[in-house]
Student: 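Got a structure here, written out as structure tokens. Questions coming.
Atoms within a ligand are numbered from 1 in the order they appear, just like the ligands themselves. Nothing fancy with the numbering, it's 1 onward along the sequence.
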Amino acid sequence: MRGSIATPGPGTVRYGGNTSCIEVRHGDDIIILDAGTGLRGLGQMLLTEFKNQPLNLTLLLTHTHWDHIQGLPFFGPIYDPNCRLRILGCEGARKGLVAALTGQMESTYFPVPFDKLPSNIDIEELKDFNFSIGAVLVRAQLAHHPGVCVGYRLFSPDGIIVFFPDTEPRGGNGDQAMLDFVRDADVLILDSQYDRAEYKSHTGWGHGCVDDSVALAIKAGVKKLILFHHDPDHDDQRMDELVTHARALVTQANASLKVEAASEGLVIQLGGK
Ligand SMILES: [Zn+2]
Ligand SMILES: [Zn+2]
């Protein structure tokens with residue numbers, strides 16, 4: 001949930017210091033959103049749960065900035081021959097997606113080369129922005145972010161999740177395309193890196209602020225907003241203040257939106273189960 005770089009230390013114990021990684025489960029389908037440093041811990045949990053059973057995973061990458069791919073070489077299941085991993089994402093800005101992902105495992109950066117991994121890994125660039133994974137319908141949308149970056153909208157009978165970790169609502173609380181993309185989400189996980197004052201000096205950097213996120217979520221009829229991509233300089237106390245500020249904005253607007261900040265291990269159940 002942390003943006004830009006992992007930030008371990010006493011100041012980030014409660015919200016966590018790992019970068020972007022979310023697991024979504026629907027029936028037997030396991031979908032992973034982004035491969036930030038949080039992916040390492042998820043890999044350990046999956047290997048413990050599935051032991052020697054086959055593991056079928058789909059990883060959706062928003063983009064190939066470091067904080068969204070650096071966990072991949074440390075993801076235990078890629079060293080397990082029982083694992084089949086399908087990776088989907090946009091082309092890595094100037095290089096292709098395959099080159100962007102395998103490049104970080106070249107010997108300059110990492111001891112194990114990608115082509116020596118014993119698992120079955122398919123890397124596919126998104127051709128169609130509408131597709132399905134098992135019973136989950138997925139739609140991708142381009143973000144307002146440097147390079148090529150997308151958000152994902154996941155739809156199942158249990159509910160709608162929108163994952164948009166790196167994007168900047170334009171014109172205050174988003175353009176029409178972004179409004180439509182996040183509309184009626186049960187859970188919106190949205191880039192809210194800055195407060196209002198910080199955003200003023202970072203406009204155009206491709207990240208949003210808490211005030212704009214709350215306004216967008218209310219306007220789009222979102223049920224729960226999860227503040228995401230926390231600034232590396234925001235410690236737990238600052239994060240508490242941002243959550244309190246966000247909830248005050250909701251009260252001022254007389255809206256029913258729920259707001260939380262993403263934290264390590266946070267679990268949300270959809271579909272009333
Ligand atoms: Zn990022
Ligand atoms: Zn980025």
Side-chain angles (χ1 to χ4, degrees), residues 1-8 12 15-24 32-42 59-75 87-97 99-101 103-104 109 123 125-126 129 140-153 161-170 174 177-178 181-182 187-195 198-199 201-210 212-213 216 225-235 238-239 242 261-264 266:
M1 73 301 291
R2 191 66 53 176
S4 311
I5 190 166
T7 53
T12 56
Y15 287 95
N18 275 315
T19 63
S20 187
C21 183
I22 306 263
E23 181 196 30
V24 177
I32 301 166
L33 303 171
D34 271 348
T37 63
L39 187 64
R40 193 185 75 89
L42 175 59
L59 168 60
L60 301 180
L61 293 175
T62 56
H63 62 317
T64 56
H65 283 165
W66 277 341
D67 49 325
H68 302 261
I69 62 166
Q70 273 185 328
L72 189 59
F74 302 91
F75 185 46
I87 304 176
L88 286 163
C90 287
E91 87 244 36
R94 280 164 41 229
K95 300 172 173 186
L97 183 61
L101 293 180
Q104 68 167 346
Y109 310 108
I123 301 176
E125 290 185 8
L126 284 180
F129 274 26
Q141 169 147 315
L142 287 172
H144 300 304
H145 194 69
V148 185
C149 178
V150 293
Y152 292 103
R153 179 181 173 98
I161 301 170
V162 178
F163 178 60
F164 228 154
D166 289 47
T167 196
E168 180 176 358
R170 294 275 161 90
M178 191 184 276
F181 189 66
V182 308
V187 178
L188 169 61
I189 303 163
L190 181 63
D191 189 323
S192 309
Q193 178 155 346
Y194 304 122
D195 66 18
E198 291 164 338
Y199 180 63
S201 55
H202 295 87
T203 304
W205 287 39
H207 300 289
C209 71
V210 171
D212 287 347
S213 294
L216 174 71
L225 169 67
I226 305 293
L227 307 177
F228 201 79
H229 211 271
H230 310 328
D231 192 281
D233 289 340
H234 290 173
D235 62 10
R238 188 84 189 90
M239 289 307 306
L242 291 174
S263 60
E264 185 83 35
L266 175 68

Student: H68 and side-chain hydrogen bond (donor to acceptor under 3.5 Å, both in side chains): which partner among T37, T19, D166?
Tutor: D166
Student: Looking at R238 and D195, does any basic side-chain N land under 4.0 Å from a carboxylate oxygen?
Tutor: yes
Student: Return yes when atom CD1 of I5 has more than 12 non-hydrogen atoms of other residues, nucleotides or ligands closer than 6.0 Å, and no otherwise.
Tutor: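 No, because the 6.0 Å sphere around CD1 of I5 holds 12 heavy atoms or fewer from other groups.
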Student: What is the minimum heavy-atom distance between L142 and V148, and which atoms define it?
Tutor: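 The answer is CD2-CG1, 4.2 Å.
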Student: With sequence neighbours excluded, what pairs up with E264 under the salt bridge (Lys or Arg N to Asp or Glu O under 4.0 Å) test?
Tutor: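 Scan of E264 (salt bridge (Lys or Arg N to Asp or Glu O under 4.0 Å), adjacent residues dropped) gives none.
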Student: Return all protein N, O or S atoms below 2.8 Å from the Zn ion (ligand 2), chain by chain in residue order.
Tutor: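 Less than 2.8 Å away from the Zn ion (ligand 2) sit H63 NE2, H65 ND1, H145 NE2, D166 OD2.
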Student: Classify the angle between the aromatic ring planes of H202 and Y194 as parallel (below 30°), tilted (30 to 60°) or perpendicular (above 60°).
Tutor: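 Parallel, since the angle between the ring planes stays under 30°.
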